[in-house]
Amino acid sequence: MPELPEVETTCRGIEPHLVNQRIDRVVVRDARLRWRVPKALATELPGQRIRAVARRAKYLLLTADTGTVILHLGMSGRLRVLDATEPPAKHDHIDIVLTNGRCLRLRDPRRFGAVLWTQGAPAEHKLLANLGPEPLEAGFSGEYLHRITRGRKRAVRDVLLDSSVVAGVGNIYANEALFGAGIRPTRAAGSLSAAECERLVRAVRATLKRAIRAGGTTFRDYRRSDGQPGYFQLSLKVYGRDGERCRTCRAPIRLQRLGQRSTFYCRRCQR
DNA sequence: CTTTTGACCTGACAGC
DNA sequence: TGCTGTCAGGTCAAAA
């Protein structure tokens, strides 16, 4: 469900409600997420203050006094800040209850999400240690993409989804960025010229920025932390539009299976 | 080393 | 209405 723009939107939405607040208790109704939710969460956090809320790739990092909560929304996760007295619904697995009576509540029907606790530097945590550069930061450049794709036969779409290459790009935005750059998702990554890599990097950046500005994409059931939908789905050029006409050239958008997942492209605009 | 595949889950939706 | 099959925004671990 949530890709980088959705996680960023969530991060910005919850941050003002959490920073400098003190944690009263942590309620774990179901610990069976992707990895079992550690008991340390409920024993360590009460009494601590949340110092910062940040995002790295699709992970949210809640910095407390003695450690950091690492939170991933998986495919179906959603975070909201509401009154702690609000009765939990089905799939509302975890509450971080604040002393001001509010709480951060995680709902995750598919339980592909994760909530972990680390006392060390988050960047050195096993899950974060091998992440590539943030797509909106300088480390993700055309020169970088060109260099690391030399000799690679993988489809360029799959390279964009590889979090060790670039962090936080999912299937929707990979497809949208490839349309923006005029490159077919199925192209071998190693076949891209330096100019194409530069175009692709610019397209990834532009697509993500516009999606963040629109509050993310509500394709199925994503919601912002305040319950509002995102609006970027109105701007999608190819994703989910198979059979419909290309907004640029009117040719029908193609759906193709690439690996296990769908990819969408315009045969005329993307080469 | 690179690349592909299977696995983890529930819910929404299409088609019968 | 209800059954069955398919698909889904992620990503790790194991296999090829």
Side-chain angles (χ1 to χ4, degrees), chain A residues 1-10 29-37 55-60 70-79 89-94 106-116 125-132 135 148-178 185-191 204 207-208 211-212 214-224 229-243 255-264:
Chain A
M1 158 221 214
E3 299 186 31
L4 186 150
E6 290 74 36
V7 179
E8 180 65 26
T9 302
T10 299
R29 294 184 200 82
D30 193 340
R32 298 170 304 158
L33 299 185
R34 174 140 199 208
W35 296 281
R36 194 158 190 89
V37 177
R55 178 191 61 74
R56 168 73 170 120
K58 293 168 193 159
Y59 293 94
L60 285 165
I70 299 176
L71 209 150
H72 198 290
L73 298 174
M75 295 271 268
S76 58
R78 172 180 167 192
L79 282 170
K90 194 179 180 183
H91 306 306
D92 284 345
H93 303 313
I94 295 179
L106 173 70
R107 176 179 300 177
D108 185 7
R110 289 176 74 180
R111 293 191 276 114
F112 281 1
V115 182
L116 299 169
H125 188 277
K126 190 184 169 203
L127 291 173
L128 307 189
N130 292 319
L131 291 172
I148 66 158
T149 50
R150 291 314 87 191
R152 301 275 223 116
K153 293 178 178 167
R154 297 177 80 188
V156 60
R157 195 280 313 256
D158 289 337
V159 169
L160 289 179
L161 294 183
D162 185 338
S163 64
S164 70
V165 171
V166 57
V169 179
N171 202 29
I172 293 179
Y173 299 110
N175 278 281
E176 291 300 305
L178 284 160
T186 49
R187 283 269 300 280
S191 78
V204 167
T207 305
L208 293 174
I212 292 169
T217 300
T218 299
F219 192 71
R220 286 163 193 276
D221 51 8
Y222 167 78
R223 283 293 137 95
R224 303 175 3 171
Y231 291 101
F232 194 68
Q233 65 277 11
L234 302 173
S235 305
L236 293 176
K237 304 284 206 320
V238 288
Y239 190 88
R241 297 192 68 244
D242 50 305
L255 180 158
Q256 187 176 333
R257 283 253 159 230
L258 185 55
Q260 321 272 38
R261 359 191 26 182
S262 298
T263 187
F264 303 85

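Each chain gets a letter, A, B and so on, in the order its sequence line appears, and its residues count up from 1.
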Determine the interatomic distance between [atom1] on [N] and the same-named atom on [M]; round to the nearest Å.
N: C:dT6; M: B:dG6; atom1: P; result: 15 Å
N: B:dT5; M: C:dC7; atom1: P; result: 16 Å
N: C:dT4; M: B:dC8; atom1: C1'; result: 22 Å

For the backbone of [Y] and the side chain of [X], can you confirm whether one donor and one acceptor N or O come within less than 3.5 Å of each other?
X: A:Arg157; Y: A:Leu258; value: yes
X: A:Arg111; Y: A:Arg32; value: yes
X: A:Glu6; Y: A:Thr217; value: yes
X: A:Arg78; Y: A:Asp108; value: no

[X] has an atom [atom1]; how far is it from atom [atom2] of [N], in whole Å?
X: A:Asn130; N: C:dC12; atom1: CG; atom2: P; value: 9 Å
X: A:His72; N: C:dC12; atom1: NE2; atom2: C1'; value: 11 Å
X: A:Arg157; N: C:dG10; atom1: CZ; atom2: C1'; value: 13 Å

(request) Start with the C-alpha distance between A:Thr263 and A:Asn175, add both sets of side-chain angles, then the distance that settles side chain to side chain donor-acceptor pair (under 3.5 Å), and finish with yes or no. (result) CA-CA 6 Å; A:Thr263 187; A:Asn175 278 281; 2.6 Å; yes
Consider the side chain of [X], meaning its heavy atoms from C-beta on, and name the nucleotide among [options] that approaches it most closely.
X: A:Tyr59; options: B:dT10, B:dT3, C:dC12; result: C:dC12
X: A:Gln260; options: B:dT5, C:dG10, B:dT4; result: B:dT5
X: A:Arg111; options: C:dT11, B:dT10, B:dT3; result: B:dT10
X: A:Glu3; options: B:dT4, C:dA8, C:dG10; result: C:dG10
X: A:His91; options: C:dG10, B:dT3, B:dG11; result: B:dG11
X: A:Ser262; options: C:dC12, B:dG6, C:dA8; result: C:dA8

(message) Given the structure, check if the side chain of A:Arg110 and the base of C:dA8 hold any donor-acceptor pair shorter than 3.5 Å.
(response) yes
Is the shortest side-chain N/O distance from [X] to OP1 or OP2 of [N] below 4.0 Å?
X: A:Lys58; N: C:dT11; answer: yes
X: A:Lys126; N: C:dA13; answer: yes
X: A:Arg257; N: C:dT6; answer: no

(request) Could you check whether A:Tyr239 gets within reach of a base, just the sugar-phosphate, or nothing at all, counting any heavy atom under 4.0 Å? (result) sugar-phosphate
(request) Describe the nucleic acid contact of A:Arg152 in one word from base, sugar-phosphate, nothing, applying a heavy-atom distance below 4.0 Å. (result)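 Here A:Arg152 touches the backbone only, sparing every base.
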(request) Hunt down the Watson-Crick or G-U wobble partner of B:dC9, both distances under 3.5 Å, from any strand shown, or write none. (result) none
(message) With the stacking rule set at 5.5 Å and 30°, tell me whether A:Phe112 counts as stacking on C:dT11.
(response)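 No.
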